[in-house]
There are 2 protein chains.
Amino acid sequence: MNIAEVSTRSRLPAKTIRYYEEIGLVKPLRAANGYRAFRDSDLHKLAFLSRARALGFSIEDCRTLVQLYEDPARSSAEVKAVAEAHLEEIAHKIADLQEMRATLSTLVTACAGDHRPGCPILESLAHRDREG
Amino acid sequence: MNIAEVSTRSRLPAKTIRYYEEIGLVKPLRAANGYRAFRDSDLHKLAFLSRARALGFSIEDCRTLVQLYEDPARSSAEVKAVAEAHLEEIAHKIADLQEMRATLSTLVTACAGDHRPGCPILESLAHRDREG
DNA sequence: CCTTGACCTTCCCGTAACTGGAAGCCCTAT
DNA sequence: ATAGGGCTTCCAGTTACGGGAAGGTCAAGG
């Protein structure tokens, strides 16, 4: 398989696949003309990576997950630990964003949004409480 | 004021303040010895930036917000537009993260987390549906 | 046989918003 | 004189790629 086919089937841009090779996530063979020659196993791994990335795992997490996937002596506890850590990160990000949203939406609601200069949003950014 | 004082009072790392100068967000004076000499207005602007960044606004948004803040002829509608666009982005991110969390937490729950290799998380990443 | 166009290759720069660290000047206190 | 802390600039690295240039390859059409 050439890169274009693998790209459509793994739903990863060709650029991304080349990058993954560069950082050692996949090691496709090479044809005589220099083209990358992907095996089914390469495609499979790339699809795995694509799904893991879609769940927000970092590249390093993905590397770990692939290693675990390929290790028949793994324990599910190792996998679960990675997933749980990531889950916590996600929860943290959600909480942060929700707080931003709460503050911002209050301000947006309070802003008239007309032609006049007075604006609670700017006032809040400028004024808020004591500074240091 | 030297940079250390401004740093503590604006709650921005000195490195960040230097960076903000580099990209033209603040323009502190210089003392004879080459040290940055911050005025109250610089501190005020940096505190403004600090709060805007804490609400998740991009640097470019911050630049716009500062300009609006300093423009007495602004309309609150302009400010509101920036904030609303950002609010939508935040909502989008939250939605994405919540979807990830839902999928991941289902998988984590289903995973035994013991010494055995069988793991629904890896199976899901490896197997899911047809691939292209 | 030649050309055209779609692939493929490598290489290098740019992104966002900093952070870390090195090399070196400045200032105060001992 | 020296030690320390604070200040300066500059360079490199971070994450996970994307854009685009320069150039080799391959299949089809004339």
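For clarity, every value in this text was computed on a predicted model and none was experimentally measured. Labels below follow one simple rule: chain letters A, B, ... track the order of the sequence lines, proteins then strands, and each chain is numbered from 1.
Closest heavy-atom contact between A:Ala14 and A:Ser7: N-OG, 3.6 Å. Scanning all heavy atoms of the two residues, the minimum distance from B:Ala37 to B:Ala31 falls at CB-N, 4.1 Å. What you find for A:Phe38 and A:Ile3 is that their closest heavy atoms are CE1-CA, 3.7 Å.
With DNA chain C read from its 5' end, the first of the two nearest nucleotides for B:Tyr20 and A:Phe38 is the one closest to A:Phe38. Residues A:Tyr35 and A:Ser58 both approach DNA chain D. Their nearest nucleotides, taken by heavy-atom distance, put A:Ser58 toward the 5′ side. When the nearest nucleotides of DNA chain C are assigned to B:Arg53 and B:Asn33 by heavy-atom distance, the more 5′-ward of the two goes with B:Arg53.
Of all nucleotides in DNA chain D, those with any atom nearer than 4.0 Å to a heavy atom of chain B start and finish, going 5' to 3', at D:dG6 to D:dC10.
Checking C:dC7, C:dC18, C:dC26 against every side-chain atom of B:Tyr19, the shortest atom distance belongs to C:dC18.
A salt bridge links B:Arg63 to B:Glu60: one of the charged nitrogens lies within less than 4.0 Å of a carboxylate oxygen. Salt-bridge check for A:Arg39 with A:Asp42: passed, with a basic side-chain N closer than 4.0 Å to an acidic carboxylate O.
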Notebook entry, point to check: Given the rule in the side chain to side chain donor-acceptor pair (under 3.5 Å) test, do B:Glu78 and B:Ser75 qualify, once you have shown the distances and angles that lead to the verdict?
Noted result: CA-CA 6 Å; B:Glu78 296 174 88; B:Ser75 68; 3.3 Å; yes

Notebook entry, point to check: Could you go step by step and tell me if A:Thr16 and A:Leu49 meet the side chain to side chain contact (heavy atoms under 4.5 Å, CB included) rule?
Noted result: CA-CA 11 Å; A:Thr16 298; A:Leu49 290 166; over 6 Å; no

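Looking at heavy-atom distances under 4.0 Å, B:Arg18 makes contact with a base. Using a 4.0 Å heavy-atom criterion, one finds that B:Ile3 contacts the sugar-phosphate atoms exclusively.
The shortest distance between the side-chain N/O atoms of B:Arg63 and the OP1/OP2 oxygens of C:dA16 is not below 4.0 Å.
Distance, B:Leu12 CG to C:dT19 C1': 14 Å, rounded to whole Å. Residue A:Leu29 contributes atom CG, which lies 16 Å from atom C1' of C:dC8 at whole-angstrom precision. For A:Met1 and C:dC7, the CE to C1' distance is 17 Å, given to the nearest whole Å. We find that CD1 of A:Ile17 is positioned 15 Å from P of C:dC7, with the value rounded to whole Å.
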